[in-house]
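Written below as structure tokens is the structure these notes are about.
Quick caveat: nothing in here was measured; it's all calculated off a predicted structure. We count ligands from 1, going down the list as the structure has it; atoms in each ligand are counted the same way.
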Amino acid sequence: MKMRKILVLLLAGLLIFGLLTGCAGPKDAGKIVMGTNADFPPFEFRNEQNEVDGFDVDIAKAIAEALGKELVIEDMAFDGLIAALKTKKIDMVVAGMTITEERSEEVNFSDPPYYDAGQTVVVKADNQEIKGVEDLDGKLIAVQLGTTGDFEAHDLFPAEKIRQFNQVNEAFLELGNNRVDAIIIDIPVADRYIELKGGFKTVGGKFTEEFFGIAIHKDNKELLEQVNKVMKELRESGKYDELLLKWFN
Ligand code: ARG
């Protein structure tokens with residue numbers, strides 16, 4: 001009798017604890033939480049209604065739909081995404097994230113990659129001097145913190161020449177105001193930003209080869225398999241090509 005009472009109390013306590021803590025968190029079976037940094041058009045950005053929208057969002061929606069779950073989007077600093085995944089605040093990172101060896105030690109990536117990209121150099125439209133990454137010696141370079149653009153810049157140039165920003169938008173503001181000479185960033189995003197803002201150009205094409213994956217916690221093999229399966233179905237059904245057309249033309 002006593003034991004049962006204790007058990008009931010314990011269960012009630014657990015229930016209340018659960019309700020108070022992570023309702024919208026990944027522990028909620030009805031939801032799937034995508035972490036992203038919504039300043040990376042056309043992969044993810046804030047639309048006119050201030051909702052997070054883009055190619056990655058449509059992919060995440062298709063995944064959520066296939067799993068019969070509601071998609072929740074957490075918009076945060078790009079630099080914090082892997083930590084958020086490792087502490088299970090989010091279920092997956094869909095953020096134009098490049099598959100790298102270092103990251104693969106910490107998280108799993110969906111396979112095969114869902115997009116091919118690479119880094120490029122952005123300068124002001126009237127810049128005649130910088131024609132590619134080889135002309136950046138001694139120049140001030142802006143990057144988004146924790147991105148492969150940031151890592152490339154640090155591989156090639158001294159740290160004091162590199163300005164790191166949490167948002168891509170800030171890097172473009174700095175370049176627009178002549179406080180830096182160039183930005184190193186993923187080529188599809190550079191192209192879209194330039195289209196939207198004007199006054200900038202890319203030079204030299206892409207100088208790295210990169211592939212994007214959806215990052216998932218190492219423990220969550222089940223979700224990894226599900227995501228790979230949904231992505232395969234998206235490709236086979238033509239839905240994936242439809243999304244490419246929708247966002248990259
Ligand atoms: N592809 C680069 C990387 O993985 C940049 C990604 C930035 N993504 C974003 N949503 N801001 O490091």
Discussion item. Given 3.5 Å as the limit, does a donor-acceptor pair link the side chain of D56 with the main chain of E44, or not?
Written reply: no
Discussion item. At less than 4.0 angstrom from any non-hydrogen atom of F40, what atoms of ligand 1 do you find?
Written reply: 5 (C), 6 (C), 7 (C), 8 (N), 9 (C), 10 (N), 11 (N)
Worksheet item: Does the distance from a Lys or Arg side-chain N to an Asp or Glu carboxylate O, for D181 and K124, drop under 4.0 Å?
Response: no
Worksheet item: Does M97, backbone or side chain, put an N or O under 3.5 Å from an N or O of ligand 1?
Response: no
Discussion item. I'd like to know if the side chain of D91 and the backbone of V33 have a donor-acceptor N/O pair within less than 3.5 Å.
Written reply: yes
Discussion item. I need the contact type for F43 against ligand 1. Using non-hydrogen atoms and a strict under-4.0 Å cut-off, is it side chain, backbone, both or neither?
Written reply: neither
Fill in: T36 N/O to ligand 1 N/O under 3.5 Å
no
Discussion item. Taking E51 first and then R46, would you say they form a salt bridge - that is, a charged N and a carboxylate O separated by under 4.0 Å?
Written reply: no
Discussion item. Less than 6.0 angstrom separating the ring centers of F248 and F43, yes or no?
Written reply: yes
Fill in: Distance filter under 4.0 Å to F212 heavy atoms, resulting ligand 1 atoms
1 (N)
Worksheet item: For T147, is at least one N or O under 3.5 Å away from an N or O on ligand 1?
Response: no
Worksheet item: Who's the nearest protein heavy-atom neighbour of atom 8 (N) of ligand 1, and how far?
Response: A95 O, 2.8 Å
Worksheet item: Is E236 salt-bridged to K232, going by a charged N under 4.0 Å from an acidic O?
Response: yes
Discussion item. Can you tell me which portion of D186 lies within the under-4.0 Å heavy-atom range of ligand 1? Options are side chain, backbone, both, or neither.
Written reply: side chain
Practice prompt. Using heavy-atom distances, let me know which of T98, L81, V143 sits nearest atom 4 (O) of ligand 1.
Written response: T98
Worksheet item: Looking at E233 and K229, does any basic side-chain N land under 4.0 Å from a carboxylate oxygen?
Response: yes
Worksheet entry | Check: Y193 ring centroid to F172 ring centroid under 6.0 Å | yes
Discussion item. Using a 4.0 Å cutoff against the non-hydrogen atoms of R103, which atoms of ligand 1 qualify?
Written reply: 3 (C), 4 (O), 12 (O)
Discussion item. Test of understanding: given a 4.0 Å heavy-atom threshold, classify the contact between Q119 and ligand 1 as side chain, backbone, both, or neither.
Written reply: neither
Discussion item. Between R192 and E195, does any side-chain N to carboxylate O distance fall below 4.0 Å?
Written reply: yes
Worksheet item: Are any of the N or O atoms of Q144 closer than 3.5 Å to those of ligand 1?
Response: yes
Worksheet item: Among protein heavy atoms, which sits nearest to atom 2 (C) of ligand 1, and what does the distance come to when rounded to 0.1 Å?
Response: T148 OG1, 3.3 Å
